[in-house]
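Below is a structure I'd like to ask you about.
Note that these values count all heavy atoms, side chains included, but never hydrogens, waters or copies made by symmetry. Just follow the structure's listing: the first ligand is 1, and inside any ligand the first atom is 1.
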Amino acid sequence: MIVTATAAGGEGRVSLPVPVVWSEDCLRHEPAWEVWLGVRDPGTEVPARALALRDALSAAGAPVVPAREHDDTVLRAVHDPALVDHLAQVWAEWSAAGLPGEYGRDRVVPYVFPTPGLLGALPLRTPPAVHGRAGLFCYDTMTLVGPGSWAAIRGAVDTALTAADLVSGGERLAYALCRPPGHHVTRSAYGGSCYLNNAAVAAQALRDAGAGRVAVLDIDAHHGNGTQAIFYERADVWYGSLHVDPGAGWFPHYAGYADERGSGPGAGANRNLPLAPGTGDDGWLAALDVLCDEIRERDADALVVSLGVDAAVGDPESPLRVTEDGYREAGRRIGSLGPAVFIQEGGYDLASLGPLVVATIDGAAGWGTTTTRG
Ligand SMILES: [Zn+2]
């Protein structure tokens with residue numbers, strides 16, 4: 001299964017014994033822009049992110065494992081099949097409508113959204129025009145679809161499923177280098193630079209492989225509103241997140257508050273710890289401990305970690321101030337919880353995101369043998 005393994009890097013580093021699942025297709029998604037507050041800005045979720053991560057992990061000695069193709073069974077259980085079909089087809093339909101060629105619209109960007117306030121008592125229709133239909137499945141203007149996007153989106157799902165297979169098959173840890181990320185995607189709507197929810201798919205795959213109780217621990221700087229929504233009414237998949245307070249003006253604005261605790265059978269199985277902008281290692285790790293304690297209390301059989309490194313002090317997309325040491329310590333604490341599938345989410349500072357992920361995974365791999373902090 002393992003096809004390439006580089007030698008341990010310089011600096012005397014011990015080879016990192018955690019498989020890194022990789023799909024070359026992840027490079028094909030080039031959103032190019034994001035329309036943010038009405039202005040077309042260069043996007044930060046760029047293909048170079050994936051190369052920086054792969055190269056850093058490979059240099060640390062981690063074996064790189066190719067993602068294996070999976071059918072749509074788990075994907076279509078987690079997501080509305082209409083969302084999956086839309087993403088698979090929308091670029092071709094956008095092109096066929098002449099939008100790139102005749103109108104200069106080189107990416108799919110919705111402009112009208114069927115909110116409850118628009119519809120009132122009317123039924124939710126599926127508009128025939130692709131430029132009208134685009135807002136049926138997407139909730140923002142900054143998550144663009146281009147010609148290579150679907151290959152990368154689907155490749156990220158295979159990447160997550162392959163990592164879940166490795167852990168179900170006995171590996172203690174596996175890391176899925178998913179790009180684009182996924183934790184903002186609900187059952188039937190995408191946004192937040194995410195298209196399909198890789199972490200939710202991995203969690204469902206672990207359940208299907210026999211894990212009775214799964215915990216999803218989300219340490220991305222932003223609340224994983226999509227993952228929360230998918231499991232909000234389920235008792236078998238717990239979701240916990242620490243993130244910058246959406247009430248302080250941060251994405252996703254409408255979700256991520258502390259009083260969102262799950263509902264129905266899932267009541268009590270959702271835990272949000274919003275953090276003030278400027279929170280650094282001490283506050284961040286204290287919040288992480290609250291979530292780790294809850295995971296232990298629930299006696300989870302397997303863990304999915306939504307690993308965003310955008311909480312780092314140098315990241316342009318969040319005001320949290322976590323250091324590389326903080327991430328290493330987080331990895332160590334998470335590694336003590338049991339078998340875990342790490343899913344890459346955010347992290348946008350190209351110079352530091354590789355070392356941050358290496359520190360986290362290295363911390364998790366070595367939790368039983370290193371004591372770097374008290
Ligand atoms: Zn994020």
Clusters formed by hydrophobic residues whose side-chain heavy atoms approach within less than 4.5 Å: which one holds Tyr232, and what are its other members?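 Direct or chained contacts put Tyr232 with none.
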
Under 2.8 Å from the Zn ion (ligand 1) - does any N, O or S atom of His183 fall there?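 No N, O or S atom of His183 is closer than 2.8 Å to the Zn ion (ligand 1), so no.
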
Residue His222 atom name (nearest to the Zn ion (ligand 1); N/O/S):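 The atom in question is ND1.
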
Name of whichever N/O/S atom of Asp220 is nearest to the Zn ion (ligand 1):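 This turns out to be OD1.
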
Would Thr323 and Asp325 count as a side-chain hydrogen bond (donor to acceptor under 3.5 Å, both in side chains) if you check the C-alpha gap in whole Å, the side-chain angles of each, and the deciding distance to 0.1 Å? CA-CA 5 Å; Thr323 68; Asp325 281 348; 5.2 Å; no

Would you call the rings of His222 and Phe251 parallel, tilted or perpendicular, taking 30° and 60° as the class edges?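 His222 vs Phe251 ring planes: perpendicular.
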
Got an N, O or S from Glu317 under 2.8 Å of the Zn ion (ligand 1)?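 No.
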
Can you name the residues that form a salt bridge (Lys or Arg N to Asp or Glu O under 4.0 Å) with Arg40, not counting sequence neighbours?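 Partners of Arg40 by the salt bridge (Lys or Arg N to Asp or Glu O under 4.0 Å) criterion, ordered by chain and then number, come out as Asp106.
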
Of the backbone and side-chain N, O or S atoms of Asp310, does one lie nearer to the Zn ion (ligand 1) than 2.8 Å?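 Yes - counting backbone and side chain alike, Asp310 has an N, O or S atom under 2.8 Å.
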
Quick one: pull up SG in Cys138 and NE2 in His86 and give me the separation to the nearest 0.5 Å.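 Here the interatomic distance stands at 7.5 Å.
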
